[in-house]
Amino acid sequence: MKYYALVDCNNFYASCERAFQPRLLNRPVIVLSNNDGCIIARSNEAKALGIEMGVPYWEVRSLLAEHNVQVFSSNYALYGDMSARVMDTLQQHCIEVEVYSIDEAFLQLSYCKQGLQQYGEQLRQVVHQNTGIPVSVGIARTKTLAKLANHIAKQQTPGGVYLLHPADPRLSSLSISKVWGIGKAYEQKLGEIGIQTVAGLQQAEESWMRQTFGVVGLRLLKELKGEACYALEPPATGRAHTMVSRSFRRDIYQLEELKEAISVYASRLGEKLRRYRQAANQLTIFLWANPHKNRRADGRCYFAMNLELPLATSNTNTLIQWAAAAVERLYEEGTNYKKAGILAGGLQPGAVLQTNLFVGEQQQLRYAKAIEAMDRVNRQYGRHTVYFASCGNGSNTWSRKEQWRSPRFTTRWEEVLRVK
DNA sequence: TCTGGGGTCCTAGGACCC
DNA sequence: TCTGGGGTCCTAGGACCC
């Protein structure tokens, strides 16, 4: 019989902060989103204080101060590196691993000879030993059930490992909102016809699920009943889209500032594309007016423009030109813009060198070399060491806040932990 | 004052074609 | 007066995920 395990890091970002700062142990810790806007990770102590996920920071500032909660800005360099260490450890102990997100992996246990429970406990121990990150392990016959098992492991079992059978009595009191694939809308729709628990949902008619929630709903039901519809995914060969978008620290009214912002985002997009060795055929540039304080008569918030590029590219210079031109056309005076972004689609592999009648190969080669040199310098000395003039010199007043970022302990020599 | 970012998949509906 | 039907492709938008 084939089994799936879901290994999920507990309070991942908060645990990463703790791994290098023992003073944080047993104290409430939270991590904020970009722009220090919302709370996106909480240690158990912080959860116990009633601090909810996704809450704006300013709403709970006094509560945080009152309980001496330790606050951090997101430090993605640190989290990404810690994630890689956790995944390496898992791959050393299981042949079939699907890295599902930065803090989760599915394992397929068909060849596991030991007891499943014991195997889970060993995994937990070795990951903690190698990385300092605590994980929970859920095991079941389908991925959807393994996700649920992991939820139970976190909430209800001291050992952090749970083996779940489709007929487990705990499912008759477990809310459907905990099921992987059921969000707010589906929870409400199911609630309207009296389905609130997982056990209740397991009784639903397959034909009704198919009709009401499409193939996704049907698969979800089958998985809950123990019939596997999702296998381990092979490693992604490349994303379909790549996006860079950011909120501004304050509303922007001026075209020049918007163009500067989109140039910075286009530069980041170029870096991403080049890192994945991809080139984009299509770009979507979008602007958001502030939805919380909309100053427009028509109330519109979203403005976007699609572009087909004559040549697939990952060249920053080209991306900036297209993006800035799109912003000029989208811009309307008097609108308070809060966010902008750039999405690359139609991605092709490699394609560093593209020529056409107007830009000769020699010219392209020179561009490519210049960009390559720029990437190298920025990797070594930090982003924004070399940049395009249209991106401004970084002294703007719109870019994000990052007040409490911890050192990048594992990826920057100058920030390595010092032990006295 | 202050409200995240980056993805995927599916479906409905329009355009177009024969 | 009577005014087809079925297929494909594309896009926008909704739902979900972490």
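Side chains included, hydrogens not; waters and symmetry mates left out as well; all remaining heavy atoms used. Below, chain A is the first sequence line, B the second, and so on; all start at residue 1.
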Does atom CD of A:Q91 have more than 12 heavy-atom neighbours from other groups under 6.0 Å away? yes

Can you tell me how far the CG atom of A:L145 sits from the CD1 atom of A:I139, to the nearest 0.5 Å? 12.5 Å

Could you work out the separation of B:dC16 and C:dG4 based on their C1' atoms and round it to a whole Å? 15 Å

May I ask you to check whether over 12 heavy atoms, not counting those of A:R329, lie within 6.0 Å of atom CZ? no

What I'd like to find out is whether the side chain of A:Y3 reaches to under 4.5 Å of the side chain of A:Q108, using heavy atoms alone. no

Do A:N290 and A:K339 get their side chains close enough for a donor-acceptor pair, meaning under 3.5 Å? no

A:E45/A:R18 ion pair, N-O < 4.0 Å: yes

Side chains of A:T316 and A:R274: donor-acceptor distance under 3.5 Å anywhere? yes

Donor-acceptor contact present, side-chain A:R249 to main-chain A:S399, <3.5 Å: yes

Which nucleotide, in any strand shown, forms a Watson-Crick or G-U wobble pair with B:dT11, with both distances under 3.5 Å? C:dA12

Classify every nucleotide of nucleotides 1-10 of chain B by which part a protein heavy atom approaches to under 4.0 Å, writing B for the base, S for the sugar-phosphate alone and - for neither, in 5'-to-3' order. BBBBSSSS-S

Row check, A:F213 ring normal vs A:K189 NZ/CZ: under 6.0 Å, within 45°: yes

Looking at residues 189-200 of chain A, who's got a heavy atom less than 4.0 Å off DNA chain B? none

Counting only heavy atoms not in A:E59, do more than 12 sit closer than 6.0 Å to its CD atom? yes

Filtered N/O pairs between nucleotides 11-18 of chain C and protein, under 3.5 Å:
from   : atom 1 : to     : atom 2 : distance (Å)
C:dC16 : OP1    : A:G183 : N      : 2.9
C:dC16 : OP1    : A:G183 : O      : 3.3
C:dC16 : OP1    : A:A185 : N      : 3.3
C:dC16 : OP1    : A:Y186 : N      : 2.9
C:dC16 : OP2    : A:A185 : N      : 3.4
C:dC17 : OP1    : A:G181 : N      : 2.9
C:dC17 : OP1    : A:I182 : N      : 3.4
C:dC17 : OP1    : A:I182 : O      : 3.4
C:dC18 : OP1    : A:K147 : NZ     : 2.5
C:dC18 : O3'    : A:S101 : OG     : 2.7
C:dC18 : O3'    : A:D103 : OD1    : 2.9
C:dC18 : O3'    : A:E104 : OE2    : 3.3

